[in-house]
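Bear in mind that the values here come from a model prediction, so they are computed numbers and not experimental data. Below, read A as the first sequence line, B as the second, and so on, with proteins coming before strands; counting in each chain starts at 1.
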Amino acid sequence: MRRSRSLVPTLREDPADAEALSHRLMVRAGLVRQLAAGVYVYLPLGQRVLDKINAIIREEMNAIGGQEIMMPVIQPAEIWRESGRWDAIGGEMFRLKDRNGRDLCLGMTHEEVVAWLAAREIRSYRDLPQIWYQIQTKERDEARPRSGLLRTREFLMKDSYTLDPDTDALDRSYAAHEGAYRRIFDRCGLRYHVVQSDPGMMGGLGSHEFMAPSAAGEDEIAICRNPACGYAANVEMAKGVPSPPVFPAWTREEIATPNVRTIAEVSALLGIDQRLAVKSLLYVAPKAGPVLALVRGDHALHEKKLARALGEEFRPAHPDEVRAILGAPVGSVGPVGARVLVLADEVLREGTYITGANREGFHLKGVAAGRDFECRFVDLHTVAAGEACARCGESLDVERVIEIGNIFKLGTKYSVPLKAMYLDEAGREQPIVMGSYGIGPARIAAGAVEQGSDADGIVWPWAIAPYHVYVVIVAMKDAAQVAAAEAIYGACRRHGLEAILDDRDERPGVKFKDADLLGIPVRVTVGNALVKEGVVEVRSRKTREEIRLPQDGVVDAVRAIRSREAQP
RNA sequence: CGGGGCGUAGCGCAGCCUGGUAGCGCGCACGGUUCGGGACCGUGAAGUCGGAGGUUCAAAUCCUCUCGCCCCGACCA
C-alpha cells in the first residue's frame with residue numbers, strides 16, 4: 001500500500017466526541033469514521049484489522065467443525081412471535097413494515113432463524129450434531145451507544161449455534177467452543193479472563209463470558225487471586241465473603257436518631273462501624289408486591305441478584321409508597337415489624353445490627369435477622385475487592401472488563417416453540433438442544449487498542465495489525481532513497497510481509513508520527529544513513545529498539561522481530 | 001428513559017454573559033525558503049453560526065420549540 005494513494009486520514013488532534021482511548025486512537029489513526037450515534041464506517045485500515053480478526057475466527061471455527069452460513073439481517077416477525085421474543089424485547093429491536101404492512105425486524109441475533117432452519121432440515125439424530133456460524137452485521141437500537149466501537153447500534157458479530165441431541169452432547173459442543181474461543185483470543189493477542197456469567201432469567205443451562213481487562217470496559221468481574229483456585233465470575237453473580245465486623249454485645253433497644261437519613265449519618269452519629277448497620281431498600285415487583293431488600297451498611301445491592309432471587313423485574317418504591325407501606329420515611333425503615341416479603345443478604349445471617357425502626361427519627365439497635373424478623377437469605381450484595389473467595393478463601397480482585405465473547409447453553413428454549421425436533425434412535429420425537437456463542441470482532445480490535453496503545457498511538461498485536469511493515473522514505477527527492485525503499489517494499493511483499501510505503505512528499509517528522517500512531521509493528525526508515533553508510537533502520541513499534549543494517553537484510557530482521565513479539 | 005454538557009470553515013476551538021452582521025490554530029490551494037520526530041514566510045479559497053419560530057431598527061449572541069452528538073445513570077435476550 002502506498003500512502004500517497006491511500007485513504008488513511010490521520011488526525012493530529014483528538015476528535016471532540018471521542019472519550020475512550022480506543023475511540024480516540026481509532027479515529028485519529030484513520031481506521032473508522034462515525035456516521036451517526038453508534039454507527040461507523042470502516043476505512044481501509046480498519047477493514048483490514050477486521051479482516052485479520054475474522055480470518056482467525058474462521059480458522060478456529062472451522063477447526064471445531066463449524067460450517068459458515070449467512071443468515072438475513074431482515075427477518076419476519078412470525079418467528080420472533082413464535083419464540084415469544086417479539087413482545088419480550090423492547091425498544092432495542094429495530095422494527096419495520098414492508099410495503100404490504102407486514103411486520104419485520106432487523107436481526108439483533110439469530111436464534112430464531114437457526115431454529116427455523118433446523119426445524120426444516122434436521123430430522124434425525126443422524127443429522128446431529130451441527131455447528132453453524134456466520135459473521136454478520138447485527139442491529140440493536142441501543143439505549144445508549146458508547147465508547148466508540150465498544151457499544152454500537154450496528155456491529156459485526158460472529159455468532160455460532162450448536163444443535164445437539166441432548167445435554168451431554170451440548171456440553172461437548174460448548175467445551176469445543178470454549179477451546180476455540182481461547183485460541184482465537186490468544187492468537188489475537190488479547191489478555192482476557194473466562195468468567196461465569198448470568199444465564200438470564202429466561203432459563204438457559206449455563207454461560208460464560210470472555211472478558212478483556214480495560215478501563216473502558218462496561219462490566220466488572222471478580223477473580224480469585226489464587227491462580228490454583230481460578231474462580232472468576234461477572235459481578236452480576238460473583239459471590240464473595242466479606243470480613244465481619246466486631247459485634248458489640250448489644251441488647252435490643254430503640255434509639256433516637258433525629259434528622260438521620262443515610263448509613264453514613266447513622267454510623268457517624270453513633271460512632272459505629274458502617275458494617276454494623278443494615279441498609280433497607282424497598283422495591284415493588286409486579287407479582288411479589290413490595291419487597292424489602294437488606295444489605296450490610298457498607299455494601300451495595302446488586303439489582304441483577306435481586307431480580308434473580310425474585311424471578312421477576314422490579315422497581316424502587318417511591319418515597320410516598322415507602323411511607324405508606326412501612327409507616328416511616330426512607331431514612332428510618334427497617335425489617336422489624338414490616339409486613340412485606342424480606343430478602344436479606346447472606347452475610348446478615350450472623351450478628352446483630354442497627355436498622356431503621358419504621359418510626360421517623362428512630363433506629364433499632366441489636367437486631368438479628370431470623371430472630372427479630374422473618375426473612376429469606378440470598379446473595380444480594382455486590383462483591384467488592386478484598387472479599388474472600390467463596391471457593392478457596394483467598395482474596396478476590398475486581399476488574400473492569402470488555403466483554404469480547406460469550407458462550408451460552410440455550411437448551412430447548414427456541415427449538416420447542418419453533419418445533420425444531422428430531423427423531424432419536426428409538427423413533428421418538430425430541431427437541432434439538434441448542435447453544436449459542438458470540439464474538440464481537442470490533443470489540444477485539446478496540447480491546448487490543450485499549451490494552452496495547454502508548455502515548456504515541458496504537459501498538460497492534462502482530463496477528464491483527466493492518467500491515468506488518470511501515471517503510472518511511474525520509475527524502476522523496478533523493479532518488480537513491482526512493483529506489484532502496486521501493487526495493488525493500490517489494491522484497492517484503494514477495495516474502496509475505498504486508499507493507500506500507502510512505503511515499504508522500506512530507507517531512508520525515510510527519511511520517512514518523514503517523515507510523516507510531518498507526519501502530520504497525522515494524523518501521524523501516526530509509527534516509528541519511530543509507531546515503532552515508534549504506535544502511536537502513538529497522539525499529540520495533542512495541543519496544544522501540546532499532547537496528548541498522550543493509551537493505552537486503554530487512555526481511556530477515558522483520559521476521560526476527562516477529563518471532564520475538566508475535567503470539568505463537 | 002432520568003441527569004449533565006456541546007452543536008460557529010474539513011478538524012480542534014474562541015466569540016454568546018453585556019445584540020451592531022464572524023475570528024484563531026491546524027488542514028487545504030498557489031509561490032518561495034526548508035528537510036531525521038507533526039517546519040517557516042507570503043498569498044488565497046472555504047462558514048445560510050444544527051434547524052424552525054419569536055423578540056428587536058438589528059440576533060451566532062436574547063426567548064420558545066425542535067434535531068443531532070457526547071458523558072453519568074437506568075437498560076443491554
Roughly how far apart, to the nearest Å, are [N] and [M] at atom [atom1]?
N: B:G53; M: B:A14; atom1: P; answer: 28 Å
N: B:U61; M: B:A22; atom1: C1'; answer: 12 Å
N: B:G20; M: B:G37; atom1: C1'; answer: 47 Å
N: B:U21; M: B:C57; atom1: C1'; answer: 13 Å
N: B:U56; M: B:C13; atom1: C1'; answer: 30 Å
N: B:C72; M: B:C63; atom1: C1'; answer: 29 Å
N: B:A74; M: B:G4; atom1: C1'; answer: 15 Å
N: B:G42; M: B:U8; atom1: P; answer: 29 Å

Determine the minimum heavy-atom distance between [X] and [Y], stating which atoms define it.
X: A:E209; Y: A:N234; answer: OE1-ND2, 2.8 Å
X: A:L380; Y: A:D345; answer: N-OD1, 2.6 Å
X: A:A222; Y: A:A238; answer: CB-CB, 3.7 Å

In terms of ring plane angle, is the pair [X] and [Y] parallel, tilted or perpendicular, where the classes change at 30° and 60°?
X: A:F210; Y: A:Y192; value: tilted
X: A:H177; Y: A:Y437; value: parallel
X: A:H381; Y: A:H299; value: parallel

Under 3.5 Å donor-acceptor pair, [X] side-chain atoms to [N] base atoms:
X: A:Q481; N: B:G36; answer: no
X: A:D516; N: B:G37; answer: yes
X: A:R523; N: B:G37; answer: yes

Classify the nucleic acid contact of [X] as base, sugar-phosphate or nothing, counting any heavy atom under 4.0 Å across all strands shown.
X: A:R548; answer: nothing
X: A:R33; answer: nothing
X: A:D14; answer: sugar-phosphate
X: A:S436; answer: nothing

Rounded to whole Å, CZ of A:F512 lies from P of B:A39 at a distance of 12 Å
From CD of A:Q75 across to P of B:A77 the rounded distance in Å is 17 Å
Pairing nucleotide - [N], Watson-Crick or G-U, each distance under 3.5 Å:
N: B:C65; result: B:G51
N: B:A59; result: none
N: B:G36; result: none

Phosphate OP1/OP2 of B:A39: any A:R507 side-chain N/O under 4.0 Å: yes
Per-nt protein contacts along nucleotides 66-75 of chain B (heavy atom under 4.0 Å; B base, S backbone sugar-phosphate only, - none) come out as ---SSBBBBB
Can you figure out which of B:C35, B:A77, B:G38 approaches the side chain of A:K477 most closely? B:C35
Where the side chain of A:R539 is defined as all heavy atoms beyond and including C-beta, which of B:G37, B:C11, B:A77 is the nearest nucleotide? B:G37
Stacked cation flag A:K409 on A:Y174, 6.0 angstrom / 45 deg: yes
Could you tell me if A:R95 sits above the aromatic ring of A:W80, with its cationic atom closer than 6.0 Å to the ring centre and no more than 45 degrees from the axis? no
